[in-house]
Amino acid sequence: MKKILIVDDEPNIVMTLEYTFKKNNFEVFIARDGLEALEILKTQFPDVVILDVMMPQVDGFETIEQIKKNEKLNHCKVIFLSAKNKQSDVEKGLALGADAYLTKPFSIKKVVEKVNEMVAN
């Protein structure tokens with residue numbers, strides 16, 4: 001079973017993504033901020049991480065930097081899903097190693113397609 005970690009501080013987004021990916025046969029892990037995500041990533045090695053940028057404590061940019069330093073997470077794909085939609089934000093996210101950068105509001109169908117495309121490789 002493929003594993004996905006959803007990192008977002010917005011409960012409605014988390015619930016929507018969690019429900020959708022469980023229906024698509026993913027094992028789903030949830031974190032409300034980057035700090036919680038990094039705790040989960042000490043013991044779980046998901047195939048994909050969906051990561052918000054603006055979160056309390058540790059933001060998405062800081063979180064991806066930590067993910068990329070961890071050899072056990074080399075296989076892990078990271079998708080930013082953020083309301084920060086300026087070109088400079090997108091470029092920063094991709095420069096830090098994100099595999100994709102999607103902006104909110106988002107199409108759940110597009111998010112699922114992007115994740116499936118990444119786990120198929």
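What you see below is based on every heavy atom in this structure, not just the backbone, and it leaves out hydrogens, waters and symmetry mates. Everything quoted here is computed from the prediction, not taken from an experiment.
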Leu5 CG to Ile67 CD1 distance, which is reported to the nearest 0.5 Å: 7.0 Å

Extract all donor-acceptor atom pairs below 3.5 Å that involve side chains of residues 105-113 and protein atoms in other chains or at least two apart in sequence.
residue, atom, partner, partner atom, Å
Ser107, OG, Lys109, N, 3.3
Ser107, OG, Lys110, N, 3.0
Lys109, NZ, Glu113, OE2, 3.4

Donor + acceptor pair across side chains of Glu91, Gln87 (<3.5 Å): yes

Between Phe26 and Phe21, what is the ring plane arrangement, given parallel below 30°, perpendicular above 60°, and tilted in between? perpendicular

Roughly how far, to the nearest 0.5 Å, is CG of Asn24 from CG of Leu17? 11.0 Å

For Leu51, the option from Asp59, Ile64, Ile79, Leu81 that meets side chain to side chain contact (heavy atoms under 4.5 Å, CB included): Ile64

side-chain contact (heavy atoms from CB on, under 4.5 Å) for Phe29 and Lys3? Distances and angles first, verdict last. CA-CA 8 Å; Phe29 300 92; Lys3 295 180 179 183; 3.9 Å; yes

To the closest 0.5 Å, what do you measure between CZ (Phe80) and CG (Leu102)? 11.5 Å

All heavy atoms of Ala37 vs all of Ala31, minimum pair found to be N-CB, 3.4 Å

At what distance, to the nearest 0.5 angstrom, does CG of Asn116 lie from NZ of Lys2? 10.0 Å

Kindly determine whether Ile30 and Arg32 satisfy side-chain contact (heavy atoms from CB on, under 4.5 Å), including the steps that lead there. CA-CA 7 Å; Ile30 303 293; Arg32 305 276 185 274; 2.5 Å; yes

Could you grab the distance from atom CD of Glu117 to atom NZ of Lys114, nearest 0.5 Å is fine? 4.0 Å

With sequence neighbours left out, what residues match Asp33 under side-chain contact (heavy atoms from CB on, under 4.5 Å)? Leu35, Glu36, Met55, Pro56, Gln57

Do Asn85 and Tyr101 pass the side-chain contact (heavy atoms from CB on, under 4.5 Å) test, and can you show the C-alpha distance, the side-chain angles, and the key distance before you say yes or no? CA-CA 9 Å; Asn85 59 7; Tyr101 195 111; 5.9 Å; no

Closest non-hydrogen atoms of His75 and Phe45, given as atom of the first, atom of the second and distance, are NE2-O, 3.5 Å

Asp99 side chain to Val78 main-chain N or O, any donor-acceptor pair under 3.5 Å? yes

Charged N-O contact under 4.0 Å between Lys68 and Glu65: no

Give every residue pair that meets the side chain to side chain donor-acceptor pair (under 3.5 Å) criterion with at least one member in residues 7-21, sequence neighbours excluded. Asp8-Lys104, Glu18-Lys22

Please step through side-chain contact (heavy atoms from CB on, under 4.5 Å) for the pair Leu96 and Leu94, ending with a clear verdict. CA-CA 5 Å; Leu96 288 171; Leu94 296 174; over 6 Å; no

Hydrophobic cluster membership, with links at side-chain heavy-atom distances under 4.5 Å among I/L/V/M/F/W/Y: are Val49 and Val28 in one? no

Going only through I, L, V, M, F, W and Y residues with side-chain contacts under 4.5 Å, is there a path from Val119 to Ile50? yes

Pairwise distance CG(Leu41) to SG(Cys76) - rounded to 0.5 angstrom: 6.5 Å

Close side-chain approach of Ile4 and Val115, heavy atoms under 4.5 Å: yes

